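Note that the structure is predicted; figures quoted are calculated from it, not measured. In listed order, ligands and their atoms are each counted from 1.
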Amino acid sequence: MNIDGKQTAAELRETLAISVAKLKEEKQIVPGLTVVLVGEDPASQVYVRNKVKQTREVGMISNEIRLPAQTTQAHLLEQLEQLNNDKNVHGILVQLPLPKHIDESTIIAAISPEKDVDGFHAMNSGRLLNGEDGALVPCTPQGCVILAKKHLGDDLSGKHAVIIGRSNIVGKPVALLLLQENCTVTIAHSRTKNLPEICQQADILVAAVGRPKFVKADWVKPGATVIDVGINRIEIDGKAKLVGDVDYDAVSKVCGAITPVPGGVGPMTIACLLKNTVEAANRLS
Ligand code: GUN
């Protein structure tokens, strides 16, 4: 059975549109998200266009700052300072990756934690780690948990979650979120020994490795819930195709439920970005 991320994201956006209307009516605030794009990376341009479009669709203000690839780090830091001080901006997102001469961690650290809708600032990852209120939580991990609950219900308590991948953007935060849900959490990665055996123990298997069709059917416990975070562009018979980190055709015959690629985790990421922006606007107002 597929877990429909497109539908779930649309439902979340409907709920957010209601919250946005309420903020307008009760506090005369329109949540504003500013996306900063440095350079001309084609994939980033597509992501940014989608973010802008969906932000407007739920009734929020969307601004886009496009800077040339040769922009200096100092200039980008100045732009962020202005956005940090702008009362009409509630969320700031700097699209990654950045050009090589700009240090990503310096840039992330310069975003006001209260406006860091990506949830990448150390203040937000620290709050998530400590289980404190008020963290802005990274978007893709939030999407993963929402989709797991869509199939399993709200109580994930006691389930064994195995995550393949330990990135700051997905692997680590999704592990913390599932731990907060009282799952038993295993984080596996490129150096893990006996990866198939470990995956076989998973009630919830999250694949975030960035390798096409990496997870095979005999790694998956029958009935498990599989969350595929991968977005890999490959060529099959001369045609470009988008595939996940999971060998979908084989795994879908074994598992209880799986998020397809495309149409699974992907659409949830932007919906959760909008959710974070509404939350930030609520807290800043
Ligand atoms: N590039 C790819 N994914 C992301 C994301 O979630 N946030 C940002 N800022 N850049 C990205």
Worksheet, complete the sentence: Rounded to the nearest 0.5 angstrom, the OG-CG distance for S125 and D116 is 8.5 Å
As a test of reading the model: which N/O atoms of the protein lie under 3.5 Å from N/O atoms of ligand 1, and at what distance?
from	atom 1	to	atom 2	distance (Å)
ligand 1	1 (N)	Q95	NE2	3.1
ligand 1	1 (N)	L96	O	2.9
ligand 1	7 (N)	D118	OD1	3.1
ligand 1	7 (N)	D118	OD2	3.3
ligand 1	9 (N)	V94	O	2.8
ligand 1	9 (N)	D118	OD2	2.6
ligand 1	10 (N)	L96	N	3.0

Worksheet item: So, are K150 and E11 salt-bridged, with charged N and O less than 4.0 Å apart?
Response: yes
Discussion item. Taking the basic N atoms (NZ, or NE/NH1/NH2) and the acidic carboxylate oxygens, is any pair closer than 4.0 Å for K221 and D203?
Written reply: yes
Worksheet, complete the sentence: Rounded to the nearest 0.5 Å, the CD atom of Q200 sits from the CG atom of L195 at a distance of 10.0 Å
Worksheet item: Between E57 and K53, does at least one N-O distance fall below 4.0 Å, as a salt bridge requires?
Response: yes
Worksheet item: Under 4.0 Å between a Lys/Arg side-chain N and an Asp/Glu carboxylate O for E64 and K51?
Response: no
